[in-house]
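Heads up: the structure comes next, in structure tokens.
Lettering of chains follows the sequences in order, A, B, ..., and the numbering in each one begins at 1.
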Amino acid sequence: MSRLDDELKVLLQRQEPSPDFTARVLARLNAEQPSAPLPSANFWQRLVAYLQLPTRRWALATAALLLTAAIGVVQYQRTKPHGVEPPTASAPNNNSSSDHTSLVASGTTATLPDTTTDITGVEKSVGEKNRDGESSPSVTPVKDEKFKPYHQTNLPYRKAASPSHEDRLAHAPPPSAGELAKAQLMQALFIASATVNEAKRLAINDE
Amino acid sequence: MSREILVRAEEQIARSAAGDQVAFATLVREHQGMVFSLAYHLLRDRSLAEELAQEVFLLLHQNLSSIKSPAHLKFWLRKVTSHRSIDQMRRQQARPQVPLDEVAEPVSVERATDPLLSKSLHKLIAALPEKARLVLILRYQEDLEPMEIAEVLEMPLNTVKSHLRRSLATLREKLTRCIGEVNV
């Protein structure tokens, strides 16, 4: 054993911490030990506690009522028989030469008039031979002002050719039952939402 | 360690693991010197060493169920303290170090050594690399064999031996250079 070894042994000998070291360790231990978890209320208990206030009870009852009513309306709309039949091609065929478009639009093969109109708007009789002497097809483009060159039309100016917004609304097909139900559902939901908001506002004021 | 003491130590560990705070306080009192000194000799800061020692004992309380014997308890404490001290030293490296001169001398037994030699040795040990310093502290403070040091630090035996040999050679050389003709 050299002198250096002796010196190192003396220099690196064990030393004691401050006298209250053990007490501080125990204090930290007690402070850091997790306390017993509080018995947590389940969802329903918390919900009941939340709805203790009378205003909230009323709000909840109103919201439930409105929701039920909305669901009822929707179900009624679904089960109700459709009263309005959509227009079909079996409508009476009192067609004159001016009613071509409705027949073609309905996709029927109803009897066409004797005269047809080519793309340039010149009326030809059915079966009339074309330039090559062959018989032209029996179905030709319908008579429509917009297919004519502009100078051949009777339109005063081009803008009048397209239907206006009011015309489109007037001639729009009636809304289907599904669309009606959807509109009523949206209305009911809007009312329910407004009622719930009002109830919430009352609850906040009540608190 | 006599059989009676061994049985008593085992009982203390078992009672501490069962939640007996008095038994745990006895365990802390028995081992606080070892844990604190290891941390103090490495960190050279009493308050930091006490803080670290407290954390080690709190960790021990959480892991008491895994302690199998008094020997295992000592091994566990040395290992955890060493690793935590090294972590602390690495964190501290960014911060300014407290000069050795300003470190308050701890309460200790009177030494019959040369104060100049002691002071120089303190500085030289503090200047050693962290692993080498830890090996030296475990060797001279805890009086551990290189094999035991290797187990605590999870280091190859030859590395421990080489750390020891190199550290002692450096200390001897520098000490001779510092204080001249002192037979070290």
Side-chain angles (χ1 to χ4, degrees), chain A residues 1-57 59-60 63-64 196 199-201 203-207, chain B residues 19 21-22 24-30 32-41 46-47 49-51 53-58 60-62 105-109 111-114 117-122 124-125 133 136-143 167-169 171-172 175-176 182-184:
Chain A
M1 225 354 134
S2 68
R3 188 178 168 193
L4 180 62
D5 286 333
D6 293 338
E7 283 294 334
L8 283 171
K9 270 195 184 296
V10 172
L11 207 65
L12 298 175
Q13 67 184 340
R14 279 189 185 176
Q15 296 179 12
E16 287 298 317
S18 50
D20 60 341
F21 179 81
T22 311
R24 278 191 287 147
V25 170
L26 293 179
R28 268 184 76 172
L29 187 67
N30 290 328
E32 287 183 14
Q33 265 179 347
S35 55
L38 293 171
S40 58
N42 62 18
F43 171 75
W44 296 111
Q45 286 170 336
R46 274 181 282 150
L47 185 67
V48 167
Y50 180 76
L51 296 173
Q52 284 299 312
L53 282 173
T55 316
R56 285 177 183 157
R57 267 185 294 202
L60 183 75
V196 168
K200 200 188 287 180
R201 192 180 61 79
I204 290 166
N205 288 341
D206 194 30
E207 283 176 354
Chain B
Q21 284 215 347
V22 179
F24 183 67
T26 312
L27 274 186
V28 172
R29 237 173 270 122
E30 276 177 14
Q32 65 185 18
M34 177 184 76
V35 173
F36 170 76
S37 300
L38 265 176
Y40 174 67
H41 284 138
R46 276 191 79 81
S47 60
E50 282 204 8
E51 181 77 16
Q54 282 180 24
E55 281 174 17
V56 169
F57 282 114
L58 292 178
L60 171 68
H61 190 266
Q62 290 170 16
E105 278 298 314
V107 183
S108 59
V109 291
R111 298 177 208 153
T113 54
D114 183 359
L117 182 67
S118 230
K119 198 175 171 183
S120 304
L121 206 50
H122 255 306
L124 291 174
I125 292 170
R133 201 183 333 166
L136 207 68
I137 289 165
L138 286 171
R139 177 77 184 96
Y140 288 97
Q141 180 195 299
E142 295 300 308
D143 210 12
S167 301
L168 287 174
L171 288 177
R172 194 169 283 127
L175 214 53
T176 310
V182 178
N183 184 21
V184 289

Query raised in the report: Given side chains that start at C-beta, do those of A:Val25 and B:Phe24 come closer than 4.5 Å, heavy atoms only?
Result: yes
Heavy-atom distances under 4.5 Å only: say whether [X] touches chain A with side chain, backbone, both or neither.
X	value
B:Glu51	both
B:Glu142	side chain
B:Ala39	neither
B:Leu136	both

Requested in this report: Find the one option among B:Arg139, B:His61, B:Gln62 whose heavy-atom pairs under 4.5 Å with chain A are most numerous.
Outcome: B:His61
Requested in this report: Can you sort out the partners of B:Gln54 under side-chain hydrogen bond (donor to acceptor under 3.5 Å, both in side chains), two or more places apart, ordered by chain and number?
Outcome: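 Checked B:Gln54 against side-chain hydrogen bond (donor to acceptor under 3.5 Å, both in side chains); matches are A:Arg28.
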Query raised in the report: Hey, does the side chain of B:His41 reach the backbone of B:Ser37 with a donor-acceptor pair shorter than 3.5 angstrom?
Result: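 A pair under 3.5 Å: yes.
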Report task. Return the set of residues passing side chain to side chain contact (heavy atoms under 4.5 Å, CB included) with A:Ala199 (not counting sequence neighbours), or none when no residue passes. Result -> A:Ala59
Query raised in the report: Is there a side chain to side chain contact (heavy atoms under 4.5 Å, CB included) between B:Arg133 and B:Ile137 once you walk through the steps?
Result: CA-CA 6 Å; B:Arg133 201 183 333 166; B:Ile137 289 165; 4.1 Å; yes
